[in-house]
Amino acid sequence: MKLQLDNSCPLNLDATLCCGQIFRWHRQDKWWYGIFKNTPFKMRQIADRVEFENVDTSFLAYYLGLGDNLPKIYRQIGKEANIRKAIKQCAGLRIVHQDPWECLISYICATYKNIPAIERMLNNLCKSLGEPIPFEGKKFYTFPTLEALARTRTSDLKKCGLGYRAKYISETAKKILETGINFDQMKQEDYGALKKELLLLPGVGPKVADCVMLFSLEKTEAFPIDVWVRRVLLKYYSDHFPVKFVRNIISKNSLTTAEYNRLNSFGRSYFGEYAGYAQQYLYHYERTKTMKNA
DNA sequence: TAGTTGCCTTCGAG
DNA sequence: ACTCGAAGGCAAC
């Protein structure tokens, strides 16, 4: 099937799937292969056209976030030269609508790891506890269910290379099984209430909560502060903070909750309701500038 | 060569 | 409220 794009709806599929927001897509013979819940599918972009198989058009448009009006978002977040440069460099980068359960567990795993390591962990997890589903002669693995992760022993989770994260995964799964969190309902809640709720889960701090909200619960104003975004903010936006504050957090390698919240509040108020897009563009921009793999 | 640093942080003790 | 250290393991330097 095909989907035609135009100037009012730009897309850069490669940047979208490579930028580190989502971990289980891989490219083969110019196609991207991945899975959403129980449905494996593939897609590729040729100029202004997206070709895809095994899902329908409305799902694909939703999944890729094509409903977000990028030209309008660029006008809103393009407040100064640095962010405009970032936008120019990876124009068409979209924020994907991930499956919330997979996204939550993925970002609990992502703490204190680099992207290749995160991908390794998640693939191990899916291979040992997910369900194989054939597609084009290859096996695709579903993400392990809530029940599967809740009943698996921590020691077995550790075999997937999760390290200390294994305990958080198993406790979070058990907690959700008991309390019955409903992700669709969560999408209706406002940013503050939702964040508070997510922070109750083991292994979920402010950064993980912001990622889950941005990448799977449709909170475009969420503004996750990781090491790269912290660097960007101190580099290009230090004028917006007291000198003492900047000097203090430059000299150390972790943030207190108060410091996190300060950077986070700045991002949200400065960039507005689509601050999450600004975050993703700045993140990608800064990473690709200093690294060769991306 | 072997050691160090860094990685999309969180948690708990003091 | 803040500081500090621990918690896999791997790859880059």
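Naming convention: chains lettered A, B, ... in sequence-line order (proteins, then strands); numbering from 1 in each chain.
Mapped onto DNA chain B by nearest heavy atom, A:R231 and A:P202 fall at different nucleotides, with A:R231 at the one closer to the 5' end.
Distance from the side chain of A:N114 is smallest for B:dC7 among the nucleotides B:dC7, B:dT10, C:dT3. Taking only side-chain atoms of A:A258, from C-beta outward, the nucleotide of B:dC8, C:dC2, C:dG8 with the closest atom is C:dC2. Across B:dT9, C:dT3, B:dC8, the shortest atom-to-atom separation from the side chain of A:C211 is found for B:dC8. The side chain of A:Y107 has B:dC8 as its nearest neighbour among B:dT10, C:dT3, B:dC8. With B:dT10, C:dT3, B:dT9 as the candidates, the nucleotide lying closest to the side chain of A:P206 is B:dT10.
If you check the side chains of A:Q21 and A:Y283, you find no donor sitting under 3.5 Å from an acceptor.
Taking the O4'-C1'-N9-C4 or O4'-C1'-N1-C2 dihedral as appropriate, C:dG8 has a value within 90° of 0 and is therefore syn.
Minimum interatomic distance between A:D68 and A:R94 (heavy atoms only, all atoms of both residues): O-NH1, 2.7 Å.
By the criterion of a centre-to-centre distance under 5.5 Å and near-parallel planes under 30°, the ring of A:Y164 forms no stack with the base of C:dG8.
Taking a pair to require two hydrogen-bonding distances under 3.5 Å in either a Watson-Crick or a G-U wobble arrangement, C:dG5 pairs with B:dC11.
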Please assess A:D210 against A:K195 for the test salt bridge (charged side-chain N to carboxylate O under 4.0 Å, His left out), listing each intermediate value before the final yes or no. CA-CA 7 Å; A:D210 277 320; A:K195 190 166 188 178; 3.0 Å; yes

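Both the sub-6.0 Å distance and the 45° axial angle are satisfied by A:R262 relative to the ring of A:F245.
In this structure, A:K113 does not reach the B:dT9 phosphate: none of its side-chain N or O atoms is under 4.0 Å from OP1 or OP2.
Look at CZ on A:R230: it is 10 Å from C1' on B:dT9, rounded to the nearest Å.
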